[in-house]
Chemist: 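The following block contains the structure, expressed as structure tokens.
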There are 2 protein chains.
Amino acid sequence: MSANVTIADVAERAGVSQASVSRVLNGKASVDPEIVKQVRRAVAELGYTPSLAARSLVRGRNQTVAMVVPDLGNPLFQGILKGVSVAAAADGYRVLVADTDEHVDDEEATALEARQRCDAVVLCAPRLPDDRLRALVARLEPVVVVNRRLDGAAVPQVGIDYARGVRELVDHLVGLEHRRIAVLAGPAQSASNAERLRGIAEAEAADPGLDIRVLPCGSRLDDGFAAADAVEAERADGATAVIAYNDLVALGLLAALRQRGVDVPGDLSVAGFDDIPLAAFGTPPLTTLSVPRAELGAQVWSRLRGLIGGASDEHELLFQPRLEARASTAARS
Amino acid sequence: MSANVTIADVAERAGVSQASVSRVLNGKASVDPEIVKQVRRAVAELGYTPSLAARSLVRGRNQTVAMVVPDLGNPLFQGILKGVSVAAAADGYRVLVADTDEHVDDEEATALEARQRCDAVVLCAPRLPDDRLRALVARLEPVVVVNRRLDGAAVPQVGIDYARGVRELVDHLVGLEHRRIAVLAGPAQSASNAERLRGIAEAEAADPGLDIRVLPCGSRLDDGFAAADAVEAERADGATAVIAYNDLVALGLLAALRQRGVDVPGDLSVAGFDDIPLAAFGTPPLTTLSVPRAELGAQVWSRLRGLIGGASDEHELLFQPRLEARASTAARS
DNA sequence: CTGTTAGCGCGTTCAT
DNA sequence: ATGAACGCGCTAACAG
């Protein structure tokens, strides 16, 4: 039905010109009420639907934006995607996902290719080196950079204040009498990892009584699971708490520790980051830093829409994570 | 740069006709090697990129497919999305996500709208009544239906054999001496829930010694958490094992049970469905039925590609879930 | 307020 | 093998 019906068919059926049909469809100029009625009727009878392809060609717009992520398996990006997705949908936009599958070197090509199909892009590229990212962003143009700060680029950025969050977490732990803390670091090139580490360094500098050791780890469940040996070594060495790169890592660690008979938080306190849905249902429920993923996604869309509309915006929006103290952290015994 | 360079610019620069440029770009007809060289050079110098909008208009194709899901937060759909996404990417296709956010009544409109933007659609609509789904599918045409069977529609379907899987699970439990089993049902209108229930009924019919009670529940973490009271009542009544609708529900239940001091699997065995990444890291590790989400996604793409290419295919592909016996189920004590 | 005309950028006949 | 011309379906000038 609606398949091959064109605006010409509607025009003919309604006995008017294509232009008039176009006008009533887009509500541009004012049209004689009688014609409007005719057109609407013809549209309904024919089951006409405008060709988005043709519309895209002439308008130079798709009503589609791309979201480039390193890994859709990461709950953080899932949440942001969902947030962007529903916010964009409310404005008649759809989102195309491009998962680079952690292949940093494909990121530029993927993003560029995605941009071609869309009016703008939401870029999550935590691993891409600064200079390459800056260059990329310039070619992507209507773009908002998510979850990493980028100086010297006239592009809106929305992210999470990891440094401040992690300091809050350290304070929480210190309040519970912990002094020797192990930190499970994320992927080495990850920007948000660097931010966390910066926060750690600041916390250490502010409180000389602190002894924090950073252990290389990763960003996924199994990374956390595999870090158990190293964590145990730290514990033998006096560590009483660990801050994991994110909740996935924390949950993986929790599983490995339980398997080893280590009691959390009795023997060791563990904290994560992100407050993924499962965090509250962990064993024990995980202390973590909550970030409003959906809200963040909505803000991303809001900025993107502005850019698409021709606005310029190079502000940075930093969400403050909120400490969610749960049972996995407790006073040092 | 590459922005407003058109094929005409390339043609002029190369001193040939647009048609020739088009030919070398698409490798359609054979072209003089010399011209090929000229064109390639011009393309490179100008940084020309074909307009996908124009191409879409003339070809009637997007190189984009839509995936409609009820909830992106569900790990099952995430996995399938990823599978479809990478498989499609290998063929130069991208995928558009349309999350209906569990609003069954928007499903048709959303799917139709998505279809307009794309060459085909992957439809996950577990709640839509059969007749509406059949009607919808006809209008979506190149479409593959995921995770639910649909009789009387000439459309490929790929899903999971929930009925058989759940019987396998029951067998597993029976092998562990369980006879009184509670089942936490999923959303009432969910097709895959019905399949599971069918499996349960078959298992019961085959083994008169079995006593299985179905409890209404849901599909999410908190549904499982909230079901703890009902489960405890069943346990008081003699139930020694529970089969949850999916892993999320099982994990939620596990958390609630732990909170109540119920030992799993000592006091009660618990099993889930889907084998989401976190299942193996649960406390205790969750016995579940593993479904190859990525592989399933790849198969979905393979079928979809066939349809786009004009093939017809109305076969049903049913993946057999594999039992993943872990610590959450044990012999009745 | 309406219809006519001219593109948007590309693929594709149809001659040559 | 190549180029000229047309059309995909729509919107936006421009007249009237």
Side-chain angles (χ1 to χ4, degrees), chain A residues 1-43 46-64 92 113 115-119 310, chain B residues 1-43 46-64 92 113 115-119 308:
Chain A
M1 314 274 130
S2 88
N4 286 326
V5 184
T6 101
I7 197 174
D9 300 327
V10 176
E12 184 182 11
R13 174 90 170 213
V16 299
S17 74
Q18 298 189 15
S20 290
V21 176
S22 177
R23 285 183 190 109
V24 337
L25 259 41
N26 297 302
K28 286 291 180 183
S30 51
V31 188
D32 185 289
E34 187 56 31
I35 291 200
V36 173
K37 225 175 66 183
Q38 298 294 329
V39 169
R40 293 213 187 292
R41 210 161 59 96
V43 166
L46 266 34
Y48 167 73
T49 318
S51 153
L52 297 183
R55 194 171 266 183
S56 296
L57 178 58
V58 65
R59 293 220 262 242
R61 299 246 203 93
N62 243 322
Q63 303 280 109
T64 304
E113 200 265 358
R115 172 62 178 87
Q116 268 217 270
R117 304 175 180 256
C118 302
D119 301 343
Chain B
M1 317 277 126
S2 90
N4 288 327
V5 184
T6 100
I7 198 174
D9 300 326
V10 176
E12 184 182 11
R13 175 91 170 209
V16 298
S17 72
Q18 299 189 14
S20 290
V21 176
S22 177
R23 286 183 188 109
V24 335
L25 258 43
N26 297 302
K28 287 290 178 182
S30 52
V31 188
D32 186 290
E34 187 55 32
I35 292 199
V36 173
K37 227 176 62 182
Q38 297 295 330
V39 170
R40 292 213 188 293
R41 210 161 59 95
V43 166
L46 266 36
Y48 167 73
T49 319
S51 153
L52 298 182
R55 193 171 266 185
S56 297
L57 178 58
V58 65
R59 292 220 263 242
R61 299 248 203 91
N62 247 305
Q63 304 280 108
T64 305
E113 199 265 358
R115 171 64 178 86
Q116 268 220 274
R117 305 175 181 255
C118 301
D119 301 343
I308 293 175

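The shown structure was predicted, so the numbers you read here are calculated from the model rather than taken from an experiment. Numbered from 1 within each chain, the chains take letters A, B, ... in sequence-line order. Heavy-atom basis, side chains included; hydrogens, waters and symmetry copies ignored.
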Chemist: Can you check the Leu52(A) CG to dC8(D) P distance for me, whole Å?
Modeler: 18 Å
Chemist: At under 4.0 Å between heavy atoms, what does Ser22(B) touch on the DNA or RNA strands: base, sugar-phosphate, or nothing?
Modeler: base
Chemist: For dT11(D) and Arg55(A) - does any side-chain N or O of the residue sit under 4.0 Å from the phosphate oxygens OP1/OP2?
Modeler: yes
Chemist: Please pick, from dG11(C), dA1(D), dC1(C), the nucleotide with the shortest atom-to-atom distance to any side-chain atom of Arg59(B).
Modeler: dG11(C)
Chemist: Can a side chain N or O of Thr6(B) be found less than 4.0 Å away from OP1 or OP2 on dG9(C)?
Modeler: no
Chemist: Which nucleotide wins on minimum distance to the side chain of Ala19(A), given the candidates dG9(C), dG3(C), dT2(D)?
Modeler: dG3(C)
Chemist: Which whole-number value in Å describes the distance from Asn62(B) CG to dG11(C) P?
Modeler: 14 Å
Chemist: What's the closest nucleotide to the side chain of Ala54(A) if the choices are dT2(C), dC10(D), dG7(D)?
Modeler: dC10(D)
Chemist: Quickly work out the Asp9(B) CG to dC8(C) P distance and round it to whole Å.
Modeler: 11 Å
Chemist: How many angstroms lie between SG in Cys118(A) and CD in Glu113(A), if you round to the nearest 0.5 Å?
Modeler: 9.0 Å
Chemist: Could you check whether Val31(B) gets within reach of a base, just the sugar-phosphate, or nothing at all, counting any heavy atom under 4.0 Å?
Modeler: sugar-phosphate
Chemist: Do any N or O atoms from the side chain of Asp32(B) and from the backbone of Glu34(B) form a donor-acceptor pair under 3.5 angstrom?
Modeler: yes
Chemist: Which nucleotide wins on minimum distance to the side chain of Leu57(A), given the candidates dT2(C), dT12(C), dG9(C)?
Modeler: dG9(C)
Chemist: Expressed in angstrom and rounded to an integer, what is the separation of Gln38(A) atom CD from dG3(C) atom P?
Modeler: 11 Å
Chemist: Look only at the side chain of Asn62(A) and the backbone of Asp119(A), and say whether a donor-acceptor pair between them is shorter than 3.5 Å.
Modeler: no
Chemist: May I have the distance from Ile7(B) (atom CD1) to dT12(C) (atom C1'), rounded to whole angstrom?
Modeler: 11 Å
Chemist: Could you state the atom-to-atom distance from NZ of Lys28(B) to P of dT12(C) in whole Å?
Modeler: 5 Å
Chemist: Side chain of Ser17(B) only, please: which of dG3(C), dA4(D), dT11(D) is the nearest?
Modeler: dA4(D)
Chemist: Got a donor-acceptor contact below 3.5 angstrom from the Gln63(A) side chain to the Ser56(A) backbone?
Modeler: no
Chemist: Mind calculating the distance between CD (Gln116(A)) and P (dC10(C)) to the nearest angstrom?
Modeler: 10 Å
Chemist: Counting heavy atoms from C-beta on, name the nucleotide in dG3(D), dC1(C), dT11(D) closest to the side chain of Arg23(B).
Modeler: dG3(D)
Chemist: Output the distance between atom CZ (Arg13(B)) and atom CD (Gln38(B)), rounded to the nearest 0.5 Å.
Modeler: 11.0 Å
Chemist: Starting from P on dG3(D), measure out to CD on Glu12(B) and report it in whole angstrom.
Modeler: 14 Å
